[in-house]
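Scroll down for the structure; my scribbles are underneath it.
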Protein chains: 2
Amino acid sequence: MNIGEIALRAGVSRSTVSYALSGKRPVSEETRRRVKQVVDELGYRPSASARALANGRTSTLGLVFPPAGNHYTGMQLDFIGSVVEAAAARDHDLLLSPSGVDSDRSFQRLLGERRVDGAILMEIRLEDDRVDHLTSVDFPFVAIGRTAHPERGWWAGLDHTALVEACVHHLADLGHRRVAFVNRPEQLLRTGYESARRGLEGFTEAAAERGLTARTYCCDDDAASGRACLQRILHDDPATTALVTLNEAALGGLYRGLAEAGRQVPHDFSVTGVVAARWAETVTPQLTAADVPAAELGRLAVDLLMERLDNPGTSPRNHLLVPPISLRGSTGPGPTAL
Amino acid sequence: MNIGEIALRAGVSRSTVSYALSGKRPVSEETRRRVKQVVDELGYRPSASARALANGRTSTLGLVFPPAGNHYTGMQLDFIGSVVEAAAARDHDLLLSPSGVDSDRSFQRLLGERRVDGAILMEIRLEDDRVDHLTSVDFPFVAIGRTAHPERGWWAGLDHTALVEACVHHLADLGHRRVAFVNRPEQLLRTGYESARRGLEGFTEAAAERGLTARTYCCDDDAASGRACLQRILHDDPATTALVTLNEAALGGLYRGLAEAGRQVPHDFSVTGVVAARWAETVTPQLTAADVPAAELGRLAVDLLMERLDNPGTSPRNHLLVPPISLRGSTGPGPTAL
DNA sequence: TTGAAAGCGCTACCAA
DNA sequence: TTGGTAGCGCTTTCAA
C-alpha cells in the first residue's frame with residue numbers, strides 16, 4: 001500500500017495526501033479529515049526509504065562504538081539505552097555500528113551509504129581517525145569524550161583527569177600514603193583511549209602532588225583479571241592501603257582478591273574510582289566513587305547532535321561533566337590517620 | 001555523487017555501472033575495470049535509501065527491546081552486543097527500538113515504515129501482543145524466548161523451567177530441605193514475562209517433587225532490593241539454607257544480605273541460579289549457576305532471522321538451549337547431609 | 001556485452 | 001485550496 005492508494009480512496013491527489021499528512025501546506029479541514037480517515041482505516045504509513053530518498057534525511061542517527069568482543073561494560077549499556085530513548089523522543093531511530101576504526105565496513109556503510117543523518121561516537125581515543133575523517137568530510141557527529149584537540153568539536157564528556165584526581169585527594173585526605181591505580185586494559189591505554197589516558201594522567205599528577213607512593217596497573221575487563229591484578233598489587237607492595245579504579249568490570253574481582261588476601265574493606269583497605277552508580281552499588285561494601293552519569297551523557301549527546309543537524313554551520317558546543325564523588329562505604333582512614 | 005556521475009566518467013551507462021558493481025549481469029573485464037577504478041577514485045558508494053527503495057530490502061535488522069525505565073541486566077547487555085556483531089558480520093545494520101507495547105511509536109516506525117527487513121524481539125511474554133501482531137501481518141521476526149504457544153514460531157530461547165529445576169535438584173541432592181526462589185520483579189511476573197513464569201514453574205514443581213519446603217519471592221532488579229529480599233527470606237524462615245535466583249542484578253545484594261546476617265556462603269548457605277557467566281564470576285564465592293549463553297542466543301537469533309529472510313515461506317525453526325550448571329563455589333552440603 | 005527507460009514511493013515545486 | 005509532475009538514486013526489464 002502506498003500514497004497513491006490513499007489518494008485514490010480519498011478522492012484526492014497524491015500531493016494532497018502528502019500535505020495532509022505533513023501539514024506543510026494548508027489543507028481544507030474537510031479533505032484533511034477524509035484523508036486521515038482512509039489512512040487510519042488502512043493503517044497506512046509512508047515508507048521510510050522513499051521518504052529518505054525524496055527529502056534527503058533518514059531520521060536515523062548512528063551510534064558508533066568499538067566491537068568489544070564480548071565485553072560491553074554496564075556503563076556502555078546504560079549509555080546506549082539513554083541514547084536510544086533520547087533519539088526516540090525526537091522521532092529518530094538509532095542505528096548501531098560496531099566500529100572501532102575508520103576502516104570498519106560497518107562504519108563505511110553508515111556514512112558512505114548515507115544511512116544516518118548524523119552520528120554519535122563512543123569510546124573516543126585521543127587521536128581518533130574516525131573523528132579526523134568525519135571532521136574532514138564535515139559529517140555531523142558528536143563525540144562522547146574529547147580527543148587531544150577538543151577545541152573545535154562537538155562533544156559531551158567526562159573530566160576523567162579531575163575525577164581521578166578527586167579520588168586520589170580523597171584517599172590522601174584520609175591518610176593513605178601508598179596507593180594503586182587499576183586502569184582499563186593495556187591495549188586500550190596503548191591505543192590512546194581517552195578515559196584510560198586522562199585517568200592515568202590525573203592519578204599520576206595528584207599522587208605526585210600529594211607525595212604519595214603510587215603504582216599503576218592495567219587490568220582486563222573481567223572479574224578474573226581484577227582478582228589477578230589485586231594480587232599483583234599486594235605482591236608488588238604489600239603496604240598498599242588503597243586503590244583507585246576506572247575498571248567497572250574488574251571491580252568484583254578486586255573485591256574478591258582483597259577478601260582472599262584477608263583485607264577488610266574499608267577497615268584496612270580503601271577502594272574508590274570512577275564507576276556507574278548501579279555498579280558501585282553491587283559490591284559490598286558499596287563503592288565510594290565518582291558516578292559516571294551515563295544516561296545524562298547519552299541525552300546530552302543526542303541533544304547536541306540534533307542541534308547540530310538543525311542548525312548546520314553553528315559553532316561547536318560541548319559539555320564537560322564533573323560529577324562529584326558519592327561517599328558510600330568503601331573508603332576509610334589510612335595508616336597515617338591512625 | 002551518484003551512479004550517473006560514475007557512468008559519465010567511466011563512459012558507460014548507469015545500468016552498466018550498477019551491474020559492474022553487483023555482478024548480476026556479465027560485464028566485460030575491460031569495462032568492469034574502468035568502472036571500478038572510477039568508483040575507487042571517487043570513493044563512491046550507492047545510497048542505501050535509493051537502493052532500499054528500488055529493491056525493497058533495507059539490509060537492516062531491528063532489535064526490539066523494552067524501555068530502560070528499570071535498567072538493563074547484564075544478560076541483555078551481552079545479548080545486544082552479540083546481535084550487533086552477528087548482524088555486522090552479515091553486512092546488516094541493526095536498528096534499535098525501545099518498545100514495550102504494540103502501540104509504541106518507535107515500534108510502528110520500525111515496522112510500519114519498513115525501516116527493517118526483519119526484527120528480533122527480546123523480553124518475550126507468554127502472551128505477547130507484539131508477537132501476535134507480527135505473526136498476524138506475517139512480518140519476519142525471531143523471538144528471544146517462547147510464548148505460551150511456541151509451536152509455530154521462529155525463536156531461540158532458554159529452557160528456564162528445566163534450568164531452574166536442575167538448580168533445585170542440585171540443592172536437594174546436597175541435602176537442602178528449606179529453599180527460597182528469588183525471581184525477577186513482580187511486575188514482570190505479573191505481566192507474564194517468560195523467564196519469570198517458567199522459572200517459577202520449574203522451581204515449584206521440582207521443589208514439590210523433592211518434598212522441599214519452598215518459598216518464592218519477587219525482587220526488583222537492583223542490589224538494594226536483593227539485600228532486602230534476603231532479609232525477608234531469613235525473616236520468614238530463618239531455617240532456610242539455600243536459594244535459587246534468576247535475578248542477576250540482585251545477586252550482589254543477596255550476597256551482601258547473607259554476609260550481614262552472618263551466613264557464610266557456601267558453608268551455611270547455598271546460592272545458585274540462572275545467570276550469565278561473567279556475572280556469576282563477579283561475586284565471592286563465584287556462583288554455581290546455569291550460565292545464560294547470551295552471546296550464543298544473539299548469534300542464533302540473527303542466524304534464524306537471516307534464514308527466514310532468505311527463504312520466505314520456510315517452516316519455522318527454533319533453538320531451545322539448556323546449558324548445564326557450572327559448579328563454582330557457592331553451593332555446599334545442606335543440613336541433612338551433615 | 002551494453003544502453004534506454006520504467007519503475008520503487010515519496011516530496012515539493014509550479015500551475016491552476 | 002488543490003492537482004500534476006519532476007525529481008531523489010538506484011535496480012532491472014526490454015531492446016539492441
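Keep in mind the model is a prediction, meaning the values are calculated, not measured. These values consider heavy atoms only, across backbone and side chains, with no hydrogens, waters or symmetry-generated copies. By convention in this document, chain letters (A, B, ...) are assigned in the order of the sequence lines, proteins followed by strands, and residues within each chain are numbered from 1.
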Can you tell me the distance, in whole Å, between the [atom1] atom of [X] and the [atom2] atom of [N]?
X: A:Arg32; N: D:dT2; atom1: CZ; atom2: P; value: 12 Å
X: B:Arg45; N: D:dC10; atom1: CZ; atom2: C1'; value: 15 Å
X: A:Leu8; N: C:dC10; atom1: CG; atom2: C1'; value: 17 Å
X: B:Arg14; N: D:dG7; atom1: CZ; atom2: P; value: 12 Å
X: A:Glu5; N: C:dC10; atom1: CD; atom2: P; value: 11 Å
X: B:Arg114; N: C:dG9; atom1: CZ; atom2: C1'; value: 9 Å
X: B:Met1; N: D:dC10; atom1: CE; atom2: C1'; value: 15 Å
X: B:Leu21; N: D:dC10; atom1: CG; atom2: P; value: 10 Å

For a quick test of reading the model: is some side-chain N or O of [X] closer than 4.0 Å to OP1 or OP2 of [N]?
X: B:Arg51; N: D:dT11; result: yes
X: A:Ser15; N: D:dG4; result: no
X: A:Thr31; N: D:dT2; result: yes
X: A:Tyr44; N: C:dC10; result: yes
X: B:Ser28; N: C:dT2; result: yes
X: A:Thr16; N: D:dG3; result: yes
X: A:Lys24; N: C:dA12; result: yes

If you check the [X] side chain, which of [options] turns out closest?
X: B:Ser13; options: C:dT1, C:dA4, C:dC13; value: C:dA4
X: B:Asn2; options: D:dC8, D:dT13, D:dG9; value: D:dG9
X: A:Ile3; options: C:dT1, C:dC10, D:dT11; value: C:dC10
X: A:Ala50; options: C:dG9, D:dC10, D:dT12; value: C:dG9
X: B:Pro26; options: C:dT1, C:dG9, D:dC10; value: C:dT1

Q. Quick check: are there more than 12 heavy atoms from other residues, nucleotides or ligands sitting under 6.0 Å from CZ of B:Arg9?
A.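 Counting other residues, nucleotides and ligands, CZ of B:Arg9 stays at 12 neighbours or fewer.
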(Q) Please check if the number of heavy atoms outside B:Arg25 that lie under 6.0 Å from its CZ is greater than 12. (A)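 Yes - once you tally the heavy atoms of other residues, nucleotides and ligands closer than 6.0 Å, there are more than 12.
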Q: Test salt bridge (charged side-chain N to carboxylate O under 4.0 Å, His left out) on A:Arg130 and A:Asp104 and set out the steps.
A: CA-CA 10 Å; A:Arg130 300 169 304 171; A:Asp104 277 331; over 6 Å; no
Q: Hey, could you give me the CD/CG distance between A:Glu5 and A:Leu42, rounded to the nearest 0.5 Å?
A: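 Going from CD on A:Glu5 over to CG on A:Leu42, the span is 6.5 Å.
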Q) Any side-chain heavy atom of B:Met1 within less than 4.5 Å of one from B:Ile6? A)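 Contact flag for B:Met1/B:Ile6 side chains = yes.
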Q: Please tell me if the side chains of B:Ser82 and B:Leu297 come closer than 4.5 Å, counting only heavy atoms from C-beta onward.
A: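 No, side chains not in contact.
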(Q) Heavy atoms only, 4.0 Å cut-off, all strands: where does A:Ser47 land among base, sugar-phosphate and nothing? (A)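 Sugar-phosphate, no base atom in range.
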Q | Residue whose nearest DNA chain C nucleotide is more 5′ - B:Tyr19 or A:Val17 | A |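 Its nearest nucleotide being more 5', the pick is B:Tyr19.
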Q | Distance-only donor-acceptor test (3.5 Å): side chain A:Arg25, base D:dT2 | A |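 Donor-acceptor pair under 3.5 Å: yes.
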